[in-house]
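A note on names: the letters A, B, ... follow the listed sequences, proteins ahead of strands, and every chain is numbered from 1.
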There are 2 protein chains.
Amino acid sequence: MSIDLHKHREIQQKLAAQEPLDPRVEKLVNEVIARVADKWTMIILDVLAEHGELRFTQLGRLVPGISQKMLTQTLREMEREGLVVRTVHPVVPPKVEYRLTDLGLSLGAAFCGVWIWAEQNLEKIERARAAFDQRTKPEDQSMSRSV
Amino acid sequence: MSIDLHKHREIQQKLAAQEPLDPRVEKLVNEVIARVADKWTMIILDVLAEHGELRFTQLGRLVPGISQKMLTQTLREMEREGLVVRTVHPVVPPKVEYRLTDLGLSLGAAFCGVWIWAEQNLEKIERARAAFDQRTKPEDQSMSRSV
DNA sequence: ACCGACACTTACCACACGGTGAGTATAGAA
DNA sequence: TTCTATACTCACCGTGTGGTAAGTGTCGGT
């Protein structure tokens, strides 16, 4: 549930030292990050963490920009990873409910570290970006630098 | 540097409760995740955390699959976010060194939570995936699926 | 008989991402 | 003179990702 500080230190040391982590772990982490980092997964995780159990259309309404296709797709992937459970009620107008598993909840908790980091370093990042743009942009060229 | 457990709890509570986080933070988090989650950023962060200061080609060698284009691009983005510093030595064969900033280091530390999570839940995820594939794959010739 | 609700699935399409390979600049080595 | 090393930039191109819109199936309401 909560971050284990011993583990934390240990891995920090591994990062600081040359000790490579288990390659399986590294691969998994990359996969997890890739999965979680897409446009919708974190938002859905967030909404689900906030609202508990939700139906497909409710979820769609709570994640404004999303298309049905992406909602289904993301939810499927999250289900596959064991982050959400999908409960089908075989009733006349279909009723499907989605809810985070313990795993999903714990992923949310694990990401707290990143949230905290972002929260604490928001200003720093914005300053870094501004400074970078400052020292990069002054060339009056129309370089297409899309975000 | 290390994760603040008070903050951690606080945010967990916010996640559990309905309290939304500062939208700026949420936006930033999504951006950070999106940035960090690309194919190369985390790997570079990792390599840099392990080796300290590195030159362009050294980095390229330590991140086997990467193309020059992607290395440059990723490095630039990381520089913009203030995660790395780029030091140019105006010598005859160009010499440029890259090194993590405190911010970059702290991001690595923040991601420890996710690493730990992945490490601790590796089996669970693989089992979830296997189970999901199991119950999804058995599609034989018949198109009708009996749930 | 027709419509709408729900939870999807499918076809199509545009754009962005990432790879490849070439080009650029400089100076010392061969 | 040509080659090599370094740290890039640029043009081109194929794939993949995500959006739009329409279709599917069932049943209850009108």
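Taking atom CZ on A/Arg76 and atom P on C/dA7, their separation rounds to 12 Å, with Å as the unit. For B/Gln73 and D/dC10, the CD to P distance is 12 Å, given to the nearest whole Å. As rounded to whole Å, 13 Å separates atom P of D/dG18 from atom CG of A/Leu71. For the pair B/Tyr98 OH and D/dA7 P, the interatomic distance rounds to 8 Å; values are reported in whole Å. C/dC6 atom C1' lies 12 Å from atom CZ of A/Arg86, rounded to whole Å. Taking atom CD on A/Glu77 and atom C1' on D/dG18, their separation rounds to 12 Å, with Å as the unit. Atom C1' of nucleotide D/dT17 and atom CG of A/Asp38 are separated by 10 Å, given to the nearest angstrom.
Residue B/Leu62 is grouped with residue B/Met78 when hydrophobic side chains (ILVMFWY) are merged at heavy-atom distances under 4.5 angstrom, including chains of intermediate members.
Less than 4.0 Å separates DNA chain C from at least one heavy atom of each of the following residues of residues 54-63 of chain A: A/Arg55, A/Phe56, A/Thr57.
Shown here for A/Pro94 and A/Arg55, the closest heavy-atom pair between the two residues is O-NH2, 3.2 Å. Residues A/Gly113 and B/Ala110 share a closest heavy-atom pair of O-CB, 3.5 Å.
Salt-bridge annotation for B/Arg129 and B/Glu126: absent, with no side-chain N of the basic residue lying under 4.0 Å from a carboxylate O of the acidic one.
Aromatic ring orientation, A/Phe111 versus B/Phe111: perpendicular (interplanar angle above 60°, classes split at 30° and 60°).
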Using a 4.0 Å heavy-atom cut-off to protein, can you give one letter per nucleotide of nucleotides 19-28 of chain D, 5' to 3': B if the base is in contact, S if only the sugar-phosphate is, - if neither?
BB-B--B-S-
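Between A/Val84 and A/Arg86 the shortest side-chain heavy-atom distance does not fall below 4.5 Å. A heavy-atom distance below 4.5 Å is not found between the side chains of A/Val63 and A/Asp46. Within the 4.5 Å cutoff, side-chain heavy atoms of B/Arg35 are placed close to those of B/Glu77.
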